[in-house]
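These notes concern the structure reproduced below.
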2 protein chains.
Amino acid sequence: MKNNTLGSLIWLRITRFTHQSNLLSNEFLKQFDITTAQFDVLMQISTYEPITQSELAKKVTVTQGGISRMLTRLEKDGLIKRKQDWKIKTISLTNKGREKLINAFDAQLAFQSSFFEESLTEEEQKTLYSLMSRVQKNSEMKMSDR
Amino acid sequence: MKNNTLGSLIWLRITRFTHQSNLLSNEFLKQFDITTAQFDVLMQISTYEPITQSELAKKVTVTQGGISRMLTRLEKDGLIKRKQDWKIKTISLTNKGREKLINAFDAQLAFQSSFFEESLTEEEQKTLYSLMSRVQKNSEMKMSDR
DNA sequence: TTTTTACACTTGACTAATCAAGTGACTAAA
DNA sequence: TTTAGTCACTTGATTAGTCAAGTGTAAAAA
């Protein structure tokens, strides 16, 4: 077993950061009685509603099965509604869901941003964004040609 | 709802990348009959063995409960062994676990690195590493003072 | 000596995701 | 008109994690 590569060190940092910031974010969002994953889904619905489940699944990069269960939970909490239109199901926010999202939106974005604003300058954040964009696009490409 | 901040855009890229690269990595590691999370744990055990469960939990940034379940799975597969020493349990690799890790190690590190090597220059990778290190350390700090 | 405290670990209830097999409804070929 | 196919969605089995309450053992206090 040879030594750690630069790439594997970056990978570890990114993985750890994602895990930690997710935990902190879930803790933060508890005041709105919502999780990070749910916030993500609600955001996408509010942007694209009315939207089908399969389209939504693609937007949040989750499988059909994953989105099905997630929506079941959100529906149970009364945040979204599914309507059987023809043979597909159309998703939209309920008033309760819309309210919850509006309440959480600014706070959550500020919270997410704080991770970077606290540790990097504006210039460095721009650099990080451009580097991560390229890395992420590359992995997206790898996903599609499987 | 005001517009997206720079930080929230970075956050999205990082989150998506982590999710995608994890899926791809799990797919890749199937040839070794192991998952990304398991590889991570085996790596830490091999570096620090013999190690207690609570120490290990800290190394892989997972809760006590999480590591307990993970080790149950790894033990069931015969990759690690737990020994009740005094009142604490000491974890170490079995021969099977050590072999599996040695087999997968180089390939997995090369796989992880490929994400960055394919999309960034050596110089850019160094920049990304230094930026992500600072961001991750900041989130680690936030984790500890809760 | 009994009782409390502290620590290491486990477990139950839950969220969130995967894959793969299973429904249910409409569409097109036999 | 029956049959086969396709598409959108659901569901069962599994992995992986959280939190919080529970268990068992050893040391310290009563």
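Every chain is numbered from 1, with letters handed out A, B, ... down the list of sequences.
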Spacing between Met143(B) atom CE and dG17(D) atom P, to the nearest angstrom: 13 Å

d(CD, Glu75(B); C1', dA16(D)) in whole Å: 18 Å

Nearest-neighbour nucleotide for the Ala37(B) side chain, dG17(D), dC9(C), dT15(C) considered: dG17(D)

Arg98(B) to Leu93(B) - nearest heavy-atom pair and separation: NH2-O, 3.4 Å

Proximal nucleotide (of dC9(C), dA13(D), dG12(C)) relative to the Arg69(A) side chain: dA13(D)

Whole-Å distance separating the NZ atom of Lys30(B) from the P atom of dC19(C): 7 Å

Full working for side-chain hydrogen bond (donor to acceptor under 3.5 Å, both in side chains) between Arg82(A) and Gln53(A): CA-CA 9 Å; Arg82(A) 294 195 251 205; Gln53(A) 289 199 192; 2.8 Å; yes

Partner of Phe28(B) under ring pair (Phe, Tyr, Trp, His ring centres under 6.0 Å), chosen from Phe111(B), Phe39(B), Phe115(B): Phe111(B)

Ser114(B) side chain to Lys142(A) side chain, donor-acceptor N/O pair below 3.5 angstrom: yes

Proximal nucleotide (of dT10(C), dT18(C), dC19(D)) relative to the Arg82(B) side chain: dT10(C)

N or O in side chain of Ser54(B) less than 4.0 angstrom from dC7(C) OP1/OP2: no

Selected nucleotide, minimal atom distance to Gln53(A) side chain, candidates dC9(D), dC9(C), dT15(D): dC9(D)

d(CD1, Ile67(B); C1', dT18(D)) in whole Å: 14 Å

Length of the line joining Asp40(B):CG and dT15(D):P, which is rounded to integer Å: 17 Å

Spacing of Glu55(B) atom CD relative to dC7(C) atom P, expressed in whole Å: 15 Å

Residue His19(A), side-chain heavy atoms: nucleotide from dT18(D), dA16(C), dC9(D) that is nearest: dT18(D)

Atom-pair distance (CD on Glu27(B); P on dT18(C)), nearest Å: 12 Å

Val62(B) side-chain proximity, nearest of dG17(D), dC9(D), dA17(C): dG17(D)

Phosphate contact (dT18(C) OP1 or OP2) by Thr63(A) side-chain N/O below 4.0 Å: yes

Nearest heavy-atom neighbours spanning Gly7(A) and Phe116(B): O-CE1, 3.4 Å

Proximity to the side chain of Gln64(A) - top-ranked nucleotide from dC9(C), dT10(D), dT11(C): dT10(D)

Atom-pair distance (CD1 on Ile34(A); P on dT15(C)), nearest Å: 13 Å

Proximity to the side chain of Thr35(B) - top-ranked nucleotide from dA16(D), dC19(C), dC9(C): dA16(D)

Residue Ser68(B), side-chain atoms from C-beta onward, closest of dA8(C), dC9(D), dT10(C): dT10(C)

